[in-house]
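So the structure is just underneath, and the comments pick up after that.
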Amino acid sequence: MNGTVRLDVDFDLCARDGLCARECPFGLIEVDAEGLPSLRRAAEKMCIGCGHCVAICPRAALSLNGVSARSLQAVERHALPEPESVTLLLKSRRSIRAYKPDPLDRREIEALLNVARFAPSAVNAQPVHWAASLDPARTRELAGMTVDWMRSVPDMPYKGWITAWDQGQDKILHGAPHVVLAHAPKNARWAQVDCATAMAWMEILAAANGFGTCWAGIFTRAAQQWTPLKTALNLPEGHVVQGGLMLGRPAVRYSRVPERHPLRLQWL
């Protein structure tokens, strides 16, 4: 975080428990003899604005850069899902390659992304930006541009995809009404990891809402290499697509969790 960093303390509310100082990732908060917190001088250069100091305070006694704890959503423990429910959701999520033609509402897509933006990012840089197609016809147009890129690749390694497209079968985005892209500035240090993490959060929430997703790897590669497609996406200058997800209402439902390789674990 650049610029002035300000930590305001409501002395009447402060419990003087030192939680904010203990949980600051870079040790930028100190407490005085009375247990009241204040920022160290190093905070001007080192604070990443993660908000842990405000979020950890059970009495909402702190404000960071003018944002009061009382304005933030409270964590109601009783509202959180049981571990068994989360476990089943994660294990039962499937890559969907058959979609109903009717699109999602703009607000449904925005709701997914408004949660995905809370995914962790390296040093809280939050480099992830989003682009999404709303019209299924536009989504198919973008898939067609991917096929154009395939035709341009020497030695035709994508002949099967091209043949399927020419026969009316979309093996690029599988008829999904939407494609959602995560992109970031090319100079962002951990852009690929941060974008992948945010997309994973989005697809899990999509599954919880009954939507279908599938990682659009071949489309992502085209979006990184094919100039006509990059032009069509019209991303900010210097941004690179780091990943994409097909999105829509699934035309199929899975009834079982398929087996996977046994856990491969090495204790250190």
Side-chain angles (χ1 to χ4, degrees), residues 1-7 23-28 39 42-56 64-67 71-73 90 93 106-134 139 142 145-146 149 173 176 178-208 211 213-227 229-247:
M1 172 176 289
N2 297 318
T4 302
V5 181
R6 190 177 87 247
L7 184 71
E23 292 303 308
C24 177
F26 297 102
L28 302 177
L39 285 176
E44 289 292 330
K45 294 183 178 180
M46 295 180 63
C47 178
I48 61 174
C50 66
H52 282 193
C53 54
V54 177
I56 195 69
L64 181 64
N65 296 328
V67 178
S71 69
L72 304 179
Q73 181 179 6
L90 293 171
R93 183 224 62 89
R106 179 194 299 265
R107 291 168 296 182
E108 292 176 310
I109 300 174
E110 289 179 346
L112 297 177
L113 299 180
N114 257 324
V115 174
R117 68 187 175 89
F118 284 90
S121 60
V123 294
N124 195 40
Q126 301 181 53
V128 184
H129 293 65
W130 300 94
S133 60
L134 194 59
T139 307
L142 296 173
M145 291 183 182
T146 305
W149 166 72
L173 298 176
H178 313 284
V179 62
V180 179
L181 306 177
H183 59 95
K186 62 183 178 182
N187 60 351
R189 291 183 60 188
W190 298 98
Q192 187 174 32
V193 174
D194 291 342
C195 285
T197 303
M199 288 192 299
W201 278 44
M202 179 204 145
E203 72 157 346
I204 293 302
L205 184 59
F211 305 143
T213 60
C214 184
W215 290 71
I218 200 71
F219 181 89
T220 299
R221 187 176 301 176
Q224 293 172 342
Q225 299 182 19
W226 187 234
T227 299
L229 180 53
K230 290 193 286 186
T231 300
L233 295 175
N234 194 31
L235 302 182
E237 183 69 27
H239 279 224
V240 176
V241 173
Q242 297 292 349
L245 286 170
M246 308 165 209
L247 174 65

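Being a predicted model, the structure only gives us computed values, none of them experimental.
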Should [X] and [Y] count as side-chain neighbours, where that means a heavy-atom distance under 4.5 Å?
X: Arg6; Y: Asn65; value: yes
X: Leu112; Y: Leu247; value: yes
X: Phe219; Y: Leu229; value: yes
X: Trp130; Y: Val180; value: yes
X: Ile218; Y: Trp149; value: yes

Heavy-atom closest pair, residues [X] and [Y]:
X: Leu142; Y: Ala232; answer: CD2-CB, 4.4 Å
X: Lys186; Y: Val240; answer: CB-CG2, 3.6 Å
X: Pro127; Y: Ala184; answer: O-CB, 3.4 Å
X: Ala132; Y: Ile109; answer: CB-CG2, 4.4 Å
X: Ala131; Y: Leu235; answer: CB-CD2, 4.0 Å
X: Gln224; Y: Gln242; answer: NE2-CA, 4.2 Å

query = Does the pair Met199 and Trp215 meet the rule for a side-chain contact (heavy atoms from CB on, under 4.5 Å), with working shown?
reply = CA-CA 9 Å; Met199 288 192 299; Trp215 290 71; 3.0 Å; yes
query = Yes or no on side-chain contact (heavy atoms from CB on, under 4.5 Å) for Phe26 and Ile48, after CA distance, side-chain angles and deciding distance?
reply = CA-CA 9 Å; Phe26 297 102; Ile48 61 174; 3.8 Å; yes
List the atom pairs, donor and acceptor, that lie under 3.5 Å between side-chain atoms in residues 188-196 and the rest of the protein, sequence neighbours left out.
from	atom 1	to	atom 2	distance (Å)
Asp194	OD1	Ala122	N	3.1

Quick one: [atom1] on [X] to [atom2] on [Y], what's the gap to the nearest 0.5 Å?
X: Arg106; Y: His178; atom1: CZ; atom2: NE2; result: 10.5 Å
X: Thr4; Y: Leu39; atom1: OG1; atom2: CG; result: 11.0 Å
X: Cys53; Y: Leu64; atom1: SG; atom2: CG; result: 4.5 Å
X: Thr213; Y: Met202; atom1: OG1; atom2: CE; result: 6.5 Å
X: Asn124; Y: His52; atom1: CG; atom2: NE2; result: 7.5 Å
X: Leu181; Y: His129; atom1: CG; atom2: NE2; result: 13.5 Å

remark   = Residue set satisfying salt bridge (charged side-chain N to carboxylate O under 4.0 Å, His left out) with Glu108, at least two apart, ordered chain then number -> Arg249
inquiry  = Is it the case that atom CZ in Arg93 sees more than 12 heavy atoms from other parts of the structure closer than 6.0 Å?
reply    =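 Counting other residues, nucleotides and ligands, CZ of Arg93 exceeds 12 neighbours.
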message = If you apply the rule side-chain contact (heavy atoms from CB on, under 4.5 Å), what do you find for Leu72 with Val54, and how did you get there?
response = CA-CA 9 Å; Leu72 304 179; Val54 177; 3.7 Å; yes
